[in-house]
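Quick notes on the structure that follows.
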Protein chains: 2
Amino acid sequence: MKVTIRDVARRAGVGVATVSRVLNGSGYVKAETRERVLAAAAELGYVPSQLARGLVGGLSGTVGLVIPDITNPFFPLITRGVEDAASEAGYTVFLCNTDNDPGLEAHDVQKLRERRVDGVIFVGTTERRESVDRLLADGIPVVVMDRQLNHADVDTVLVDNLAGARAACRHLIGLGHRRIAHAAGHRSTRTGQDRCQGYREALEEAGIAFDPACVAWGDFTYESGYRVCQVLLGLTPRPTAIFAGNDLIALGAIRAAEDAGLAVPDDLSVVGFDDIQMAALVRPGLTTVRQPAREMGRMAMTMLLQRIRGEAAGPGRRHVYQPELIVRGTTRRREPHA
Amino acid sequence: MKVTIRDVARRAGVGVATVSRVLNGSGYVKAETRERVLAAAAELGYVPSQLARGLVGGLSGTVGLVIPDITNPFFPLITRGVEDAASEAGYTVFLCNTDNDPGLEAHDVQKLRERRVDGVIFVGTTERRESVDRLLADGIPVVVMDRQLNHADVDTVLVDNLAGARAACRHLIGLGHRRIAHAAGHRSTRTGQDRCQGYREALEEAGIAFDPACVAWGDFTYESGYRVCQVLLGLTPRPTAIFAGNDLIALGAIRAAEDAGLAVPDDLSVVGFDDIQMAALVRPGLTTVRQPAREMGRMAMTMLLQRIRGEAAGPGRRHVYQPELIVRGTTRRREPHA
DNA sequence: TTGTAAGCGTTATCAA
DNA sequence: TTGATAACGCTTACAA
């Protein structure tokens, strides 16, 4: 039932080495022989075993992609970008969801090591180094996305969160807002911290005093945005604008504002971050800071391939994308009251 | 650098067979020896090669998941369900996006065969049988989701589209609507056809004459929904409600209606299908027919595992879920005009 | 140019 | 209970 290289060899009347040569384009093979082998392989419907190939010491042709949750709208685009580049290179990708649970992450990484993946891309997951170190010790290259892991040996792909946050807040300030709150992401993430920092810098350069009460930490979810916005709206004086740590938070914040009887953008302007698909589809459209997610995923896979192929050596490289402010309907000029 | 079973054997002062036995829990091993082996493996940081294991004739511990596009909000949930069940069983999943392109699908399936996956799940992709037949010929079990492939040997997991569509339309009819249009999905898909059929049945049982002009085919995208709705709204008399082939179509239709100056649900009621995450987040909330996507993904993987383990033989089984109508804000009672 | 044979890391058979 | 050893399917010297 399973046809092996031996069957093809027999059928073509040659040795297995010759079959291997024509299939891999390695070594010299007479044109005629090549034809014969190809024909035999086709007739038999031969499919070489990557397991065997990988075992010989070559590559497995697979990579692992470790993310928190594919259900979070931020990850599908990145995943697609990774997959695009992988597929083009003849690679196949293992998808792993960790839910940001260290235990699950360890389990996934263990499986990936058993599968002898040629490389791994971590996105938006843990800042812990264990998993990465283990992989590196195995000689498996790693690329990290949407997280900063100051590790000497890993390549990093990310967006300039500081600049993005600044752009978002400057936009708000330019619209006349002075009382701007920040519905922040998760306090322990570098991403959350950077966006908060950008927010503070924008306020500072505009000469607006920073009010600690105006930043509320939570996590990067819709629910968190809803919750956190409720407290922010209870401030006195009430903020006229909110810069959210990401789009999900922004969406939750908008809902909270509406439930509190406030209109967006009339009573409250809101800016998000990421530009997930939903941002363009909700009404009013969400003003946000776009990350070129698919492109970033593709870049991560490209960098990983370079490491795998030994085309890139040395210390970890870092590719930083400049985000772009997308102005839609959730922000508007603040009407100076009386 | 790579530690093999031989290294562990040497370190523990036993033969490789013994190491294999303790690691797989097969055969008899003296408790003391077992300890020694386990210790050696741990000290060396030994990670067994699944490539080698698979080669011996066992399983590779991997499955393929073939979908059109992870970027389409309908697929992440299913993917997650598959991944959940796979991970629990020690399996790892290869994710493949085909964009519904037969060429890409063939390429992906070829790679999956080379990787010697133990099984494959196709969701929402092609009704062509080639890929499936090839896999089956290899002895690789297949489960199909969200598509009907009347193939004797594959298990199928799907939702009762007919019932779902009927429920959606009955809801509309119960609200007093008589002029109901259908923004259909792709004409060549069974899913699209079934939902259209359910729509017709509901009209019929209510004694409403079917008007061919009221069903407009397109595909399952937001853009298609927008486009198709524009022509539907040009009908005379104008429909007071639209049943969309899925949520993306519904969202596009709503946007088209609003752009045409119509209010949803005041001037037009809209019902979708799927209940993607976005449906609950948009304003007004989208009334739709929910598919238990994550649960369905989990079921598909479970059925696949049974086939892989030989716990299920015989003809293809079929698991049909009953969808649930979720009433939110895009539907409302039709005000009888004068 | 092409074939033989030695691995690659595991599991499984068979003696011991 | 345990240890050789023969596969598993393929690549790659090494000969021919």
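So you know, we letter chains A, B, ... as the sequences are listed, proteins then strands, and number each from 1. Since we're looking at a predicted model, the values are computed, not measured. Every heavy atom of this structure was used, including side-chain atoms; hydrogens, water molecules and symmetry mates were not.
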Pairs satisfying salt bridge (charged side-chain N to carboxylate O under 4.0 Å, His left out), at least one member in residues 114-125 of chain B, at least two apart: K111(B)-E114(B)

Applying salt bridge (charged side-chain N to carboxylate O under 4.0 Å, His left out), which residue pairs with at least one partner in residues 47-63 of chain A are found, sequence neighbours left out? none

Of all of residues 30-38 of chain A, which get a heavy atom below 4.0 angstrom from DNA chain C, listed by number? K30(A), T33(A)

side-chain contact (heavy atoms from CB on, under 4.5 Å) partner of F122(A), chosen from E105(A), R147(A), M145(A): E105(A)

For V14(A), which of V37(A), V8(A), V22(A) qualifies under side-chain contact (heavy atoms from CB on, under 4.5 Å)? V37(A)

Give the table of side-chain donor-acceptor pairs shorter than 3.5 Å for residues 72-86 of chain A, with sequence neighbours excluded, one pair per line with atom names and distance.
from   : atom 1 : to      : atom 2 : distance (Å)
N72(A) : OD1    : F74(A)  : N      : 2.9
T79(A) : OG1    : F75(A)  : O      : 2.8
R80(A) : NE     : D69(B)  : OD1    : 2.9
R80(A) : NH1    : D84(A)  : OD1    : 2.6
R80(A) : NH2    : D99(B)  : OD1    : 2.3
R80(A) : NH2    : D99(B)  : OD2    : 2.8
E83(A) : OE1    : N97(B)  : N      : 2.9
D84(A) : OD2    : R294(A) : NE     : 2.9
D84(A) : OD2    : R294(A) : NH2    : 2.9

From the 5' end of DNA chain D to its 3' end, which nucleotides mark the outer limits of contact with chain B, defined by a 4.0 Å heavy-atom distance cut-off (strictly under)? dT1(D) to dG9(D)

Contact summary for N100(A) and G124(A), nearest pair of heavy atoms: OD1-O, 3.9 Å

Please report the closest heavy-atom contact between V117(B) and S60(B), naming both atoms and the distance. CA-OG, 3.7 Å

Quick one: which residue pairs count as a side chain to side chain donor-acceptor pair (under 3.5 Å) with a foot in residues 26-43 of chain B, not counting sequence neighbours? R11(B)-E43(B)

Sort and list the pairs that fulfil side chain to side chain donor-acceptor pair (under 3.5 Å) and have at least one residue in residues 299-311 of chain B, not counting sequence neighbours. D155(B)-R307(B), Q306(B)-R317(B)

Pull out every protein N or O sitting under 3.5 Å from an N or O of nucleotides 9-11 of chain C, one pair per line with the distance.
from    : atom 1 : to     : atom 2 : distance (Å)
dT10(C) : OP1    : Y46(B) : OH     : 2.6
dT10(C) : OP1    : S49(B) : N      : 3.0
dT10(C) : OP2    : I5(B)  : N      : 2.5
dT10(C) : OP2    : Y46(B) : OH     : 3.3
dT10(C) : O5'    : Y46(B) : OH     : 3.0
dT11(C) : OP1    : N24(B) : OD1    : 3.2
dT11(C) : OP1    : N24(B) : ND2    : 3.0
dT11(C) : OP1    : R53(B) : NE     : 2.7
dT11(C) : OP2    : S20(B) : OG     : 2.7
dT11(C) : OP2    : N24(B) : ND2    : 3.4

Only counting residues at least two apart or in another chain, list the ones meeting ring-ring contact (aromatic ring centres under 6.0 Å, His included) with H319(B). Y321(B)

Crowding at CD, Q110(B) (>12 non-hydrogen neighbours, <6.0 Å): yes

First of G13(A) and T18(B) reached from the 5' end of DNA chain C, by closest nucleotide: G13(A)

Under the side chain to side chain contact (heavy atoms under 4.5 Å, CB included) test, which residues partner H151(B), sequence neighbours left out? R129(B), V132(B), D133(B), L136(B), L149(B), D153(B), V154(B)

For atom OH of Y28(B) and atom P of dC14(C), their distance in whole Å: 17 Å

Using the test salt bridge (charged side-chain N to carboxylate O under 4.0 Å, His left out), find all partners of R10(B) that sit at least two apart in sequence or belong to another chain. D7(B)

Tell me the bend of the helix from dT1(C)-dA16(D) to dA16(C)-dT1(D) as the angle between end helix axes, each from five pairs, rounded to the nearest 10 degrees. 40°

